[in-house]
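First comes the structure, then the notes that go with it.
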Amino acid sequence: MNVVTVRNYHQLSVQAAQLVADQIVQKKNTVLGLATGQTPIGMYQELINMFNKSEIDFSKITTFNLDEYYGLSSKHPQSYHYYMWNNFLKHINIKKENIHLLNGVTENIKEECNQYENLIQKNGGIDLQILGIGDNGHLGFNEPAIGLNSKTHLVNLSEATIRANSQYFNNIQEVPKQAITMGIGTIMKAKKIILLANGRKKAHAIERTIKGPVSTEVPATVLQLHQDVTIIIDQKAATHL
Ligand code: PGA
């Protein structure tokens, strides 16, 4: 794994955006895997800035999002659908039909998951997957567990994740208890992966991801087995390295 430690969150966002831009220059019809959460917001902002300066063209790219809360419709302000539109997609020239987000209110989970996997395949697989990391080492919503599901699936969120994400809801009861997420296998099939982490609260998960033994108890450790991973972290997230 290629670990890049930068000074601060701004630098992290700039560097991540540059890697995405380089990828799109290299392959105009890049298939991007996208993440939500606080961490990539600065990167999305940088990409929007590049687009506004005509430095990048998103018209041929395709995107697949990592995950979605189960039970939240696309109009719910805490849905990842809503997040993606507001923080990135509505600001760029991506074609609507090239955007893929999981349907959190699907009536047929199995079909939703299978269809998503098939669509990723049909588009030639993910060229570049952006990832954040949970304080508990989760990737997407692949939570620490005895075993990890490899394909897109429905998952029960861990107590830690529900607690961490309750800051975005009125109270902890409102946080969905389940989500649909790409599986670890889906993520590992991406040709390139960029994982972003900033702040001291991620330092422990980052230490285990880079130095720890590969274990399903820290899902991000599986990235040690991928051949093209770049981890961009700020100095605080690098505290224990
Ligand atoms: P964050 O979430 O970017 O909001 O810290 C990351 C995650 O939980 O995967």
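These numbers come from a predicted model, not from an experiment. Whatever order the structure lists them in is the order used to number ligands and atoms, beginning at 1.
- Residues Asp22 and Gln26 have side chains that never bring a donor and an acceptor to within less than 3.5 angstrom of each other.
- In this model, no donor atom of one side chain and acceptor atom of the other lie less than 3.5 Å apart for Glu46 and Ser13.
- Remark: the Thr161 side chain and the Glu143 side chain contain an N/O donor-acceptor pair separated by less than 3.5 Å.
- Distances between N or O atoms of His138 and those of ligand 1 include at least one value under 3.5 Å.
- In this structure, atom 6 (C) of ligand 1 lies nearest to the protein heavy atom Ile133 O, 3.5 Å.
- Residue Thr39 approaches ligand 1 through these ligand atoms, each under 4.0 Å from one of its heavy atoms: 1 (P), 3 (O), 5 (O).
- For the residue pair Asn149 / Asn142, no side-chain donor-acceptor distance below 3.5 Å is found, with atom types taken as modelled.
- Counted by atom type alone, Asn198 and Lys202 present zero donor-acceptor pairs between their side chains at under 3.5 Å.
- Of the N or O atoms in Gln38, one or more lie within a sub-3.5 Å distance of an N or O in ligand 1.
- For ligand 1, the atoms closer than 4.0 angstrom to any heavy atom of Gly37 are 3 (O), 4 (O).
- Atoms of ligand 1 found under 4.0 Å from any heavy atom of Gly134, numbered from 1 in the order shown, are 7 (C), 8 (O), 9 (O).
- The single protein non-hydrogen atom nearest to atom 5 (O) of ligand 1 is Lys202 NZ, 2.6 Å, given as residue, atom name and distance.
- Under a 3.5 Å cut-off, the side chain of Asn65 and the backbone N or O of Leu101 do not form any donor-acceptor pair.
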